[in-house]
Amino acid sequence: MSSNDILQQGADLLMLGMGSVFVFLSVLVVATTAMSWFINRWLPEAEPEVVTRKPAPSTEINSKTLSIIEQAIAQHRVAKGRAAAE
Amino acid sequence: MSSNDILQQGADLLMLGMGSVFVFLSVLVVATTAMSWFINRWLPEAEPEVVTRKPAPSTEINSKTLSIIEQAIAQHRVAKGRAAAE
Amino acid sequence: MSSNDILQQGADLLMLGMGSVFVFLSVLVVATTAMSWFINRWLPEAEPEVVTRKPAPSTEINSKTLSIIEQAIAQHRVAKGRAAAE
Amino acid sequence: MENLWLASGLAQIQMNQAIMILVGLVLLFLAIRKKFEPLLLVPIGFGGIMANIPGAGLASSGLELAIYAQDPMVIAKARELFEMPLAHIDAVLHAIENSAYSAQAQLAAVAKDAGYNNGALYNFYSVAIASGVAPLVIFLGVGAMTDFGPLLANPKTLLLGAAAQFGIFATVLGAVGMTYFGIMDFSIAEAAAIGIIGGADGPTAIYVASMLAPDLLGAIAVAAYSYMALVPLIQPPIMRALTTEAERQIVMTQLRTVSKREKIAFPVIVLILVGFFIPDAAPLLGMFCLGNLMKECGVVDRLSDTAQNALINITTIFLGLSVGSKLAADKFLDPKTLGILALGIVAFAIGTAAGVLMAKLMNVFAKQKVNPLIGAAGVSAVPMAARVANKVGLESNPHNFLLMHAMGPNVAGVIGSAVAAGVMIAVVKAFGL
Amino acid sequence: MENLWLASGLAQIQMNQAIMILVGLVLLFLAIRKKFEPLLLVPIGFGGIMANIPGAGLASSGLELAIYAQDPMVIAKARELFEMPLAHIDAVLHAIENSAYSAQAQLAAVAKDAGYNNGALYNFYSVAIASGVAPLVIFLGVGAMTDFGPLLANPKTLLLGAAAQFGIFATVLGAVGMTYFGIMDFSIAEAAAIGIIGGADGPTAIYVASMLAPDLLGAIAVAAYSYMALVPLIQPPIMRALTTEAERQIVMTQLRTVSKREKIAFPVIVLILVGFFIPDAAPLLGMFCLGNLMKECGVVDRLSDTAQNALINITTIFLGLSVGSKLAADKFLDPKTLGILALGIVAFAIGTAAGVLMAKLMNVFAKQKVNPLIGAAGVSAVPMAARVANKVGLESNPHNFLLMHAMGPNVAGVIGSAVAAGVMIAVVKAFGL
Amino acid sequence: MENLWLASGLAQIQMNQAIMILVGLVLLFLAIRKKFEPLLLVPIGFGGIMANIPGAGLASSGLELAIYAQDPMVIAKARELFEMPLAHIDAVLHAIENSAYSAQAQLAAVAKDAGYNNGALYNFYSVAIASGVAPLVIFLGVGAMTDFGPLLANPKTLLLGAAAQFGIFATVLGAVGMTYFGIMDFSIAEAAAIGIIGGADGPTAIYVASMLAPDLLGAIAVAAYSYMALVPLIQPPIMRALTTEAERQIVMTQLRTVSKREKIAFPVIVLILVGFFIPDAAPLLGMFCLGNLMKECGVVDRLSDTAQNALINITTIFLGLSVGSKLAADKFLDPKTLGILALGIVAFAIGTAAGVLMAKLMNVFAKQKVNPLIGAAGVSAVPMAARVANKVGLESNPHNFLLMHAMGPNVAGVIGSAVAAGVMIAVVKAFGL
Ligand code: NA
Ligand code: NA
Ligand code: NA
């Protein structure tokens with residue numbers, strides 16, 4: 001293969017490659033837009049996607065819960081320290 | 001192979017198959033019953049199968065809460081360790 | 001192979017084996033000691049390895065802990081809803 | 001002669017692939033929207049679409065790709081090996097399919113020399129299903145999730161799990177009948193593989209189909225999982241038709257507590273009995289029992305956890321994709337698929353009926369009456385069929401919870417269909433000799 | 001004649017291995033201390049050290065080991081097969097490398113007969129990379145971690161992901177230019193594999209390199225991951241040079257909420273379009289889309305979780321070790337590696353510039369202006385490049401958060417480079433015919 | 001001639017299989033009830049039962065099954081290949097066992113043509129153990145669970161880990177002595193594989209046995225894991241016999257804090273030294289060090305977590321089943337097994353003694369005295385042996401906690417036995433030439 005050939009191949013790759021990438025992603029832009037339009041027009045979700053977080057558990061966490069968690073963490077640390085058998 | 005042959009083979013399969021299934025599961029009924037009798041007669045468990053929970057540590061952490069918190073901590077650690085998607 | 005040969009091979013294995021093990025682990029003693037000296041002399045860690053546990057969150061639960069617990073509860077609800085595999 | 005090669009109808013092939021992509025989309029819809037066994041049908045449906053991408057050949061072996069591309073070296077080698085003219089591409093494929101392993105291996109080497117590699121899904125299929133390993137690993141995980149307690153508390157429900165396997169063998173008879181009457185052309189091996197749909201157990205169906213009728217595996221697996229998802233529609237009418245209101249109201253005595261030791265001993269006993277009676281069922285039931293033993297013995301919880309989670313999930317993904325590879329148009333779009341779908345639903349129906357009738361028969365002899373509805377759970381389809389029995393029971397008596405009672409025949413059905421699978425593999429192998 | 005065999009220069013080999021061990025240590029340092037893509041560079045660096053242990057041959061096949069050991073049976077067989085004198089060890093290795101698969105298989109059998117087994121890292125490479133499976137599984141997991149929401153809210157950012165792939169093809173041209181001017185000697189397949197570094201996506205780079213230029217895989221993967229880690233240093237100067245202060249201050253409208261159904265439909269649409277337009281990109285993008293569908297469909301969370309955790313982690317370990325096996329001195333210490341490293345950074349720079357310029361071009365036509373900084377995120381390097389766009393934007397306007405806007409082109413870049421990979425594999429294959 | 005084939009004694013075979021099923025049940029009992037290394041002995045015991053199911057052939061290759069079934073094509077091919085009459089089935093099996101890989105591959109292809117497939121456990125063994133991968137992966141996970149802190153705080157305890165490996169080589173001498181006196185007939189490779197039991201490290205023992213004496217692997221692995229579980233019974237009498245009360249009361253100074261950087265550097269140093277000194281130990285110790293580096297470096301926690309959990313658990317299940325496949329009656333019920341069991345316990349005892357005596361020797365020279373009890377932990381058997389040292393120490397001084405001091409020699413013992421393994425593999429290979 002002559003040196004010119006490989007230059008030609010590189011140029012072909014550039015053309016075909018960028019061409020394909022742009023064509024494909026442009027088609028995808030169209031297809032995605034159409035899909036979104038179709039779904040929002042004809043198949044809207046009953047409840048919107050917005051995640052309705054449950055109201056954060058009032059404002060305070062009572063002391064009992066607190067001590068529960070502290071103990072849980074302590075217990076968890078102990079559990080982690082247990083060496084796993086080989 | 002004639003068409004009759006395959007009918008014959010199908011019938012053989014039905015007989016052998018249902019026969020084996022019934023014989024095997026019947027033997028299993030007997031074996032299981034015998035095993036249960038033997039274990040309950042000769043090798044009863046010192047403590048019954050009912051899980052005797054240790055008295056909850058004063059403030060009462062029920063096991064469900066504990067496992068929730070343990071999961072949370074585990075999840076938190078994983079999340080912390082997780083590098084952003086590659 | 002005569003019986004003597006295998007005795008000889010066993011003895012060779014003993015010599016070579018114990019020799020290698022001792023030489024290697026002795027080299028490792030030296031290398032490890034040198035490495036520790038080098039690191040502690042020239043590359044000491046800014047903060048010592050002692051795990052400085054954050055003071056237990058006295059009475060407040062910081063927002064991170066709170067979100068951990070919220071996640072846990074959410075996860076727990078999801079887990080409850082999840083059907084057994086297959 | 002060249003023209004003959006072109007006769008295969010490229011346009012027809014692409015139309016078939018488009019149809020199969022639609023089938024894949026329908027499976028995804030059923031899985032995601034209708035919650036039809038989504039863990040399997042999402043990867044199966046997606047794999048089915050991938051397998052039918054024109055020109056990608058993801059589900060084809062390198063050898064098949066070489067022949068589709070009419071590689072002259074490969075075709076010359078095939079003509080030499082089989083000493084046949086092999087004028088048409090289909091003739092080559094057919095000759096290869098019927099040839100021995102070593103001939104295929106030689107041709108595959110030539111194809112690889114010519115630069116044709118296996119498609120990704122083909123490789124997944126080889127590793128996961130053709131080797132037999134994926135169904136075994138799934139069974140390990142399912143075993144680790146199964147509680148034999150209800151079965152041990154009432155062992156005679158094993159017989160309900162036996163009776164419901166009648167659906168399997170009646171369907172085999174149906175398939176050979178179709179052949180006899182010239183409606184279809186199933187071999188005895190294919191008929192056996194179709195029958196296993198009646199076992200209502202996915203991994204068992206895939207395991208048997210991979211051994212006895214790999215070309216039908218796609219249709220069989222899709223039928224098995226789809227009908228398992230349809231159990232709440234298929235079973236209730238049959239259950240109601242075969243039982244009286246009084247029978248459906250039968251209240252069963254509460255199950256006794258089963259000790260840990262019984263639960264540990266049970267999988268070991270099953271393994272040994274299977275080993276002695278049905279060695280061909282030993283791989284499936286052995287892995288199932290190992291999983292269950294790991295769960296119950298209490299000393300290897302980390303292995304049990306992994307078998308129930310990471311391991312079964314990883315295997316499920318690749319099992320699903322591998323099954324999807326068998327939805328390639330040339331294998332799936334065949335009249336046989338319609339036959340399989342028709343026979344499959346009959347299999348479920350007959351199995352359900354047999355389980356219910358067996359329960360009624362047991363009531364003739366036994367003092368402790370069983371509610372015949374739990375017989376329907378003997379088809380397996382764990383835990384769906386047991387839930388159906390519970391639900392139909394509640395319709396007749398809102399205070400009669402049959403769920404735990406139905407779990408006994410339900411897991412017995414898993415053992416029953418694995419035993420049936422072992423027998424069919426052994427018998428069909430014997431027929432072949 | 002024996003002397004000729006000895007000419008390979010044992011001392012030189014060992015010196016090279018020592019150098020490569022240093023390279024491995026540097027990679028570990030960068031990974032651990034500088035946090036350069038540690039998930040990959042820790043196993044790659046460690047594997048690189050293991051691959052260069054003198055005398056262990058962990059990265060060599062049994063056949064290579066037999067030839068290094070000058071096994072007479074293997075060399076005789078090679079001379080017979082290739083009908084060449086093969087006086088020197090390098091001549092044998094070279095003849096084998098250029099031979100067909102079946103010749104290699106025959107020689108491998110002779111080597112195995114003679115007691116030479118594959119090294120552990122060689123086996124990892126065969127199973128994980130040569131088979132193509134590891135990059136596919138990584139893509140499955142990455143798909144399950146990817147949120148296409150920002151892309152769906154603003155689909156035209158896909159074009160930014162397209163433009164940034166110009167880095168890939170410009171680099172291919174650079175590599176063939178080097179060959180043209182006699183600076184290096186890259187084949188077109190090697191040039192294509194080097195170009196893919198500009199895709200800024202590790203698994204894609206490894207996948208393409210394993211197919212087109214396995215010998216360069218080590219250098220290509222190391223360059224890809226290192227430059228991805230260096231994105232915060234490489235991109236900002238280019239981004240600032242090509243934009244005005246006013247452009248960098250452009251505030252973009254908040255993204256609309258995207259519904260669950262759109263997110264479910266998107267991966268399926270991508271798969272089908274890829275299948276029709278670029279079948280050679282179907283394995284990579286198919287697995288990516290399956291992962292994403294598993295995440296979004298909400299009915300197979302346990303599969304999605306496993307794909308994002310156990311499965312991707314296991315695969316990453318073995319992928320890294322396998323890449324490390326290609327850091328063996330005889331493959332890595334080559335002038336080509338320097339060329340690859342030089343071309344790779346140019347690829348990143350050109351891709352960044354192309355993305356930014358495309359955004360400016362879009363602003364000429366569109367009413368809704370885009371901040372051209374997000375164009376730089378089109379190279380992929382998820383999520384690093386998007387964060388860089390955000391950071392540079394904040395410098396010009398401390399209240400302008402571009403992160404979510406940049407995620408669109410960022411994930412579009414992943415699709416773009418996978419498409420480019422498919423095209424390159426197909427075109428290079430066509431050149432070879 | 002046909003009668004000769006029948007001489008193999010079917011009844012005898014089945015009796016042997018029944019015995020091995022009992023052995024499997026005993027292993028399950030020890031694992032579940034007595035907590036003998038349950039993670040391994042549950043799958044080993046269960047696999048042992050599966051391997052001995054009469055007629056299932058789960059542990060046999062397709063080739064072996066074809067020969068047991070006296071397939072005429074396979075036997076004719078064997079006679080042709082080996083140019084021997086091969087009148088008896090055992091003669092065929094023996095000829096195959098001693099033949100080269102390519103002859104076996106040819107025969108396997110003929111067997112596959114004739115419809116004989118590998119048993120499931122045989123496949124597990126091939127993939128997990130024959131390839132060498134499972135022990136390596138286990139070592140990766142064990143490395144990720146190992147804390148070298150105590151060792152780094154007191155590096156000279158490495159010498160205790162060296163001394164305890166004397167148990168390995170003394171046992172080799174014992175095995176060759178048995179051969180010399182005609183009691184057993186061990187080859188030098190077999191003697192080396194038996195010796196490794198004294199390494200008190202399961203994956204190392206399996207790795208060495210799979211390379212040097214695959215037929216003895218079942219007995220060696222069972223002995224290794226059983227004796228590791230028996231360490232609390234085997235070691236204390238020896239420890240007490242070799243130490244004075246005063247020695248057992250020696251209080252050791254508290255270990256210094258070891259920095260993160262030392263812990264990161266250590267596995268890298270071990271890898272490089274192993275690479276230079278004992279390349280044959282590089283696969284095992286390399287994976288061990290990689291696991292440890294992943295744990296300590298702090299930037300790849302998700303990989304480290306997976307290596308310690310999903311990955312090691314999955315591998316353990318299949319490793320156990322694969323070892324179980326070597327409990328097939330024809331391999332395990334051999335006088336050699338008794339010899340292995342006898343030599344194995346001697347190996348543990350000698351290793352323990354050597355560790356204790358080395359500690360006493362070090363006390364002669366060193367200023368900082370070590371409690372000789374921690375020398376016993378040098379055999380490895382992590383962490384059991386360290387706990388034993390602690391317990392025996394507490395008997396003499398209830399306030400003297402030796403656990404952390406014993407962890408140093410304990411993990412040193414893992415390195416020591418892996419080094420010993422590498423040396424033995426290299427030396428035995430050299431003997432073979
Ligand atoms: Na069933
Ligand atoms: Na990209
Ligand atoms: Na040891």
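Below, chain A is the first sequence line, B the second, and so on; all start at residue 1.
Shortest non-hydrogen contact noted between V423(D) and G17(B) is CG1-CA, 3.8 Å. Taking every heavy atom of both residues into account, S259(D) and N40(B) meet most closely at OG-OD1, 4.1 Å. Across all their heavy atoms, L13(B) and A192(D) have their closest contact at CD2-CB, 3.9 Å. Heavy-atom minimum distance, L159(D) versus S26(B): CD2-OG, 3.6 Å. For the pair I188(D) and G10(B), the tightest heavy-atom approach, listed with the atom from each and the gap, is CD1-N, 3.7 Å. Contact detail for A31(B) and I269(D): the closest heavy-atom pair is CB-CG2, 4.1 Å.
Looking at A191(D), there are no atoms closer than 4.5 Å to chain B (heavy atoms on both sides), in backbone or side chain. Both the backbone and the side chain of L14(B) come within contact range of chain D, judged by heavy atoms closer than 4.5 Å. Of the two parts of L273(D), the backbone and the side chain both hold a non-hydrogen atom closer than 4.5 Å to a non-hydrogen atom of chain B. Of the atoms belonging to M178(D), not a single heavy atom falls under 4.5 Å from chain B. In this structure, the portion of F186(D) lying under 4.5 Å from any heavy atom of chain B is its backbone and not its side chain. Interface residue L158(D): backbone and side-chain heavy atoms are both found under 4.5 Å from chain B. Neither the backbone nor the side chain of A426(D) has a heavy atom closer than 4.5 Å to any heavy atom of chain B. Heavy atoms closer than 4.5 Å to chain B are found in both the backbone and the side chain of F166(D).
Here the straight-line distance linking atom CG of D12(B) with atom CZ of F431(D) works out to 4.5 Å at 0.5 Å rounding. Atoms CG and CD1, from D185(D) and I6(B) in turn, are 8.0 Å apart once rounded to the nearest 0.5 Å. Remark: F24(B) CZ to Q165(D) CD distance equals 12.5 Å, nearest 0.5 Å. The CG atom of L152(D) lies 9.0 Å from the CD1 atom of I39(B); values are rounded to the nearest 0.5 Å. Interatomic distance, CZ of F277(D) versus CG of L25(B), reported as 11.0 Å (0.5 Å rounding).
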- Task: Determine, stepwise, if the pair T32(B) / V270(D) fulfils side chain to side chain contact (heavy atoms under 4.5 Å, CB included).
- Result: CA-CA 9 Å; T32(B) 302; V270(D) 172; over 6 Å; no

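Inter-residue side-chain proximity for V268(D) and M35(B) is flagged as unmet; no heavy-atom pair is nearer than 4.5 Å.
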